[in-house]
Amino acid sequence: MIFDLKPKKDKEIQRVSNKALRELKEFYGIKNKIEINIIMLKDRKTFNALRNRKTPGWNTAFARPPIFSVFILDKKNFGKESSSDYSKEYYAQLIKHEISHVLFYQMMGDLRCPAWFAEGVALYTDGSLKRRKRPGKFEDFLEFYQSGKSGVYRESGFAVEVLVKKFGKGKLHELIKRNNGIRGRKQFDKLFRKIYGFNINYRNMNKLLQE
Ligand SMILES: [Zn+2]
């Protein structure tokens with residue numbers, strides 16, 4: 001497939017992505033200069049062509065961390081080409097979510113990690129948790145080890161929130177960095193235990209949620 005890209009100016013998107021990048025660099029403790037490309041895809045057809053598959057209506061953006069790039073449905077066609085309504089706030093949150101993925105994988109230096117962990121950190125940092133329903137207890141986020149299913153968004157952000165609130169950002173940074181080279185759930189769970197001192201399971205995570 002052949003695509004045609006042209007640079008363009010958009011003050012609002014530039015402002016939103018600069019602000020997100022500033023806040024996220026602070027969260028991840030990243031000091032070096034980073035520039036992010038925001039690539040607007042004009043419609044679902046272009047979005048699908050670039051992803052090489054048919055995508056569901058809720059899927060409106062994705063990140064390609066190795067090339068510091070965020071791809072997003074153009075705001076002009078956003079309502080028409082997705083199952084979400086366009087608002088400035090929601091669009092800004094989507095951009096921040098994807099930039100967070102870029103910095104997360106840059107910090108890790110690897111592209112493989114549990115889906116719940118990658119999405120959880122992005123949801124925790126994109127500011128969307130206040131609009132999401134807080135789970136009374138954790139019951140399925142650990143099942144989302146491979147990516148792609150929308151259920152991963154339900155609990156994972158709150159699981160990361162609990163970890164940061166109880167143990168701080170330092171341990172989370174450590175888990176991100178040391179996940180480099182980790183392959184499979186067993187290895188990840190072992191690394192988690194080494195860093196946090198307990199096994200990652202629903203019983204332990206629910207205890208933290210209720211404390
Ligand atoms: Zn995400």
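Start at 1 and go down the list; that is how both ligands and their atoms are numbered.
At a threshold of 4.5 Å between non-hydrogen side-chain atoms, the residues Val16 and Lys88 do not count as touching.
Judged by a 6.0 Å distance limit and a 45° cone about the ring axis, Arg51 is positioned over the six-membered ring of Phe62.
A donor-acceptor contact shorter than 3.5 Å is absent between the side chain of Tyr196 and the backbone of Leu163.
For the Zn ion (ligand 1), the count of nearby protein N/O/S atoms, taking only those under 2.8 Å, is 4.
The side chain to side chain donor-acceptor pair (under 3.5 Å) search around Arg44 returns Thr55, not counting sequence neighbours.
Remark: Glu26 CD is loosely packed, at most 12 non-hydrogen atoms of other residues, nucleotides or ligands lying under 6.0 Å away.
Ion pairing between a basic and an acidic side chain is recognised when a charged N comes within 4.0 Å of a carboxylate O; Lys25 and Glu23 show no such pairing.
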